[in-house]
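Here's the structure, in structure tokens; my notes come after.
What you see below is based on every heavy atom in this structure, not just the backbone, and it leaves out hydrogens, waters and symmetry mates.
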Amino acid sequence: MALTACVGVSKRELQALGSTITPTKIDFVELTAYAGRAKAAYAEEAVIRGQYPATVRVSAPGKTDAQYFIERDDRAKVQYIAIRGTANRKNLIEDVEMRIREDLALAIPVHAGFDATARVLYADMKPYLKPGYRTYITGHSLGGALAALLAIHMVEDGYKVDRVITFGQPKFTTTDGVGRLGFLSLTRVVDENDIVPMLPPTTIVNRVYGVYEHAGPEIILLEGPHYVFLPTHDADRISIGEFGRSLNFANLKDHHMDNYLNRLSLKAKGAVEVSYDERENYVAAKKKVASN
């Protein structure tokens, strides 16, 4: 029940925000390509290199269990980084320790475990990264949170991080941190039935740094061609993780990358934006399993 979070705005405000459609051109073909890389990050090295021949590094450093790969086009001066998810959803609820990144330029509160892993990944991949190259980063689940934190490290070191696209990403900072991340070109893609983006839930409040919150705009994938787009200022307030969700809908199966790829591929053929208030018209209810 901790997954059911508290309402962060008044009912009237919520209705006003949720009824708004912000027309935004979203390239679902491009998002599908990012999702393909995020899924590939789970595969064996030979499979990754077969799918992405320009790969220059595949690694799961130390004891992190966080595999990543770097794909590089030296002619175009572009590099892609994809990071797979790690750990499990239980850890996302129980491990909510935060710390301030005092040793770096951007002193924001971050999830301590995520940041520690991001630092290990960055140290391992840095010899293979090219300063001056346009950089695109993606990841699924915890890999999405690591992708965002990695981008912060890279920006601070002068790399050109053009875009970060994540899928089913949990929260990694608080309201205070979100307010300082305007420079980060982060877009979060979430499935309406995926419970992981709700984590850590807003019912858990860090006694020093406050409530966990998402950064960046949010694209919510619904049934068929339908989707919701929430700009950053709206996503902060009516995000999938900000208020009560019916457990008739939330389902771990919808967290899988195959589900994301299937939903994105449908929208790549033609997408229809709807308002947040209309979203439940395009969500298939999950059947409850009767308990004995």
Drop me the distance from [X]'s [atom1] to [Y]'s [atom2], to the nearest 0.5 angstrom.
X      : Y      : atom1 : atom2 : answer
Leu184 : Met154 : CG    : CE    : 11.5 Å
Leu150 : Thr135 : CG    : OG1   : 9.0 Å
Leu261 : Phe167 : CG    : CZ    : 7.5 Å
Leu149 : Asp115 : CG    : CG    : 5.5 Å
Met125 : Ile70  : CE    : CD1   : 5.5 Å
Glu218 : Thr187 : CD    : OG1   : 11.0 Å

Residues clustered with Tyr52, ILVMFWY side-chain links under 4.5 angstrom: Ile48, Val58, Phe69
[X]-[Y] co-clustered via ILVMFWY side chain contacts under 4.5 Å:
X      : Y      : answer
Ile152 : Leu129 : yes
Leu221 : Val274 : yes
Tyr42  : Val189 : yes
Ile137 : Tyr128 : yes
Tyr68  : Val155 : yes

I need the full list of side-chain hydrogen bond (donor to acceptor under 3.5 Å, both in side chains) pairs touching residues 27-41, with sequence neighbours left out, sorted by first then second residue. Glu30-Arg163, Arg37-Glu71, Lys39-Asp258
Donor-acceptor pair, [X] side chain versus [Y] backbone, under 3.5 Å?
X      : Y      : answer
Gln67  : Ala41  : yes
Gln51  : Ala40  : no
Tyr136 : Asp162 : no

What pairs with Asp73 under side-chain contact (heavy atoms from CB on, under 4.5 Å), at least two apart in sequence or on another chain? Arg75, Ala76
His256/His140 aromatic ring centres below 6.0 Å: no
Which pair of non-hydrogen atoms, one from [X] and one from [Y], has the smallest distance, and what is that distance?
X      : Y      : result
Pro127 : Ala123 : CD-O, 3.7 Å
Ser275 : Val228 : O-CG2, 3.8 Å
Arg263 : Glu223 : NH2-OE2, 3.0 Å
Ala66  : Leu121 : O-CD2, 3.2 Å
Ala118 : Leu146 : N-CD2, 3.8 Å
Gly168 : Pro197 : CA-CG, 3.9 Å

Stepwise side-chain contact (heavy atoms from CB on, under 4.5 Å) check, Leu31 with Lys267: CA-CA 10 Å; Leu31 290 180; Lys267 291 161 184 57; over 6 Å; no
Given side-chain contact (heavy atoms from CB on, under 4.5 Å), test His255 with Ser141 step by step and report yes or no. CA-CA 8 Å; His255 182 60; Ser141 191; 2.9 Å; yes
[X] side chain near [Y] side chain, heavy-atom distance below 4.5 Å:
X      : Y      : value
Pro109 : Thr173 : yes
Phe114 : Pro170 : yes
Val161 : Ser185 : no
Ile26  : Glu273 : no
Ile219 : Thr24  : no
Phe229 : Pro231 : yes
Leu186 : Leu181 : no

Taking it one step at a time, do Tyr260 and Asp194 satisfy side-chain contact (heavy atoms from CB on, under 4.5 Å)? CA-CA 10 Å; Tyr260 277 89; Asp194 187 355; 2.6 Å; yes
Output, in order, the C-alpha distance, side-chain angles, deciding distance and verdict of side-chain contact (heavy atoms from CB on, under 4.5 Å) for Asn281 and His226. CA-CA 10 Å; Asn281 296 326; His226 302 96; over 6 Å; no
Taking only residues two or more places apart in sequence or in another chain, which ones pass ring-ring contact (aromatic ring centres under 6.0 Å, His included) with Tyr227? Phe28
Residues two or more places apart in sequence or in another chain: which of them pass ring-ring contact (aromatic ring centres under 6.0 Å, His included) with Tyr122? His153
Salt bridge (charged side-chain N to carboxylate O under 4.0 Å, His left out): pairs with one or both residues in residues 48-61, sequence neighbours excluded: Glu45-Arg49, Arg57-Asp124
Considering residues at least two apart in sequence or located in another chain, which fulfil the side-chain hydrogen bond (donor to acceptor under 3.5 Å, both in side chains) criterion with [X]?
X      : answer
Asp74  : Arg72, Tyr133
Tyr80  : none
Thr138 : none

Under the rule for salt bridge (charged side-chain N to carboxylate O under 4.0 Å, His left out), what residues qualify as partners of Lys160, not counting sequence neighbours? none
